[in-house]
Amino acid sequence: GSVFVGTFTVSGAFGNIAGTISDASGLVTSGALLLASTNTIASSPAAIVGSSAPAQVPLYMVSSKADGTYILPVRGGSTYYLSAYVPVISAAETVSVTTKTYSTIYVSPSETTTQNVTIP
């Protein structure tokens with residue numbers, strides 16, 4: 001018999017959300033946690049439990065770089081919510097977390113969508 005094996009390439013399924021993180025004093029270089037999801041993201045993200053994770057909507061996450069930038073790969077062709085969690089150290093040397101959330105960020109496959117984060 002004959003066997004034919006066709007070839008195909010899957011490319012560009014992912015896109016990126018990228019930008020800078022800044023506050024009143026400039027770029028945030030202390031690092032920030034960024035989360036993206038097609039569902040709303042709570043101000044304090046839920047714990048991810050292995051037994052229930054398969055039933056949940058994907059949650060994409062990345063830490064920002066020391067130069068105040070970030071690149072977060074996500075599945076293209078969807079609209080996302082993006083939350084940034086930035087540690088803030090007070091004069092009394094206590095740490096708090098400031099959160100900023102954005103919505104309706106559309107990411108096309110193989111494209112980068114810019115979303116700069118400004119912490120109030």
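The model shown is predicted, which means the values in this text are computed figures rather than measured ones.
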Close side-chain approach of [X] to [Y], heavy-atom, < 4.5 Å:
X   : Y   : result
L82 : L72 : yes
N16 : V74 : no
S64 : L34 : yes

Checklist entry - Under the side-chain contact (heavy atoms from CB on, under 4.5 Å) criterion, do I17 and Y60 qualify, and how do the steps go? => result CA-CA 10 Å; I17 303 172; Y60 303 92; over 6 Å; no
So which atom in [X] and which in [Y] form the shortest heavy-atom distance, rounded to 0.1 Å?
X    : Y    : answer
P109 : G77  : CD-N, 3.5 Å
G31  : P87  : O-CD, 3.1 Å
G19  : N116 : CA-OD1, 3.3 Å
S78  : T38  : CB-CG2, 4.0 Å

From [X] [atom1] over to [Y] [atom2], what is the distance, rounded to the nearest 0.5 angstrom?
X   : Y    : atom1 : atom2 : value
I21 : I119 : CD1   : CD1   : 7.0 Å
S43 : Y85  : OG    : OH    : 7.0 Å
T20 : Q115 : OG1   : CD    : 9.5 Å

Checklist entry - Counting distance only, does the side-chain N/O of S22 pair as donor-acceptor with the main-chain N or O of G26 below 3.5 Å? => result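 Not a single qualifying donor-acceptor pair exists.
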Next on the checklist: Main chain of R75, side chain of Y80: is a donor-acceptor contact present, judged purely on distance under 3.5 Å?
Outcome noted: yes
Name every donor-acceptor pair, under 3.5 Å, that has one atom in a side chain of residues 95-107 and the other anywhere in the protein, sequence neighbours excluded.
unit_1 : atom_1 : unit_2 : atom_2 : d
T101   : OG1    : S83    : OG     : 2.9
Y102   : OH     : T118   : N      : 3.1

Next on the checklist: S37: which residues meet the side chain to side chain contact (heavy atoms under 4.5 Å, CB included) condition with it, sequence neighbours left out?
Outcome noted: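 Here the qualifying residues are N39, I41, V57, L59.
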Item to check | Test side chain to side chain contact (heavy atoms under 4.5 Å, CB included) applied to A18 - qualifying residues, sequence neighbours left out | outcome: I71, T112
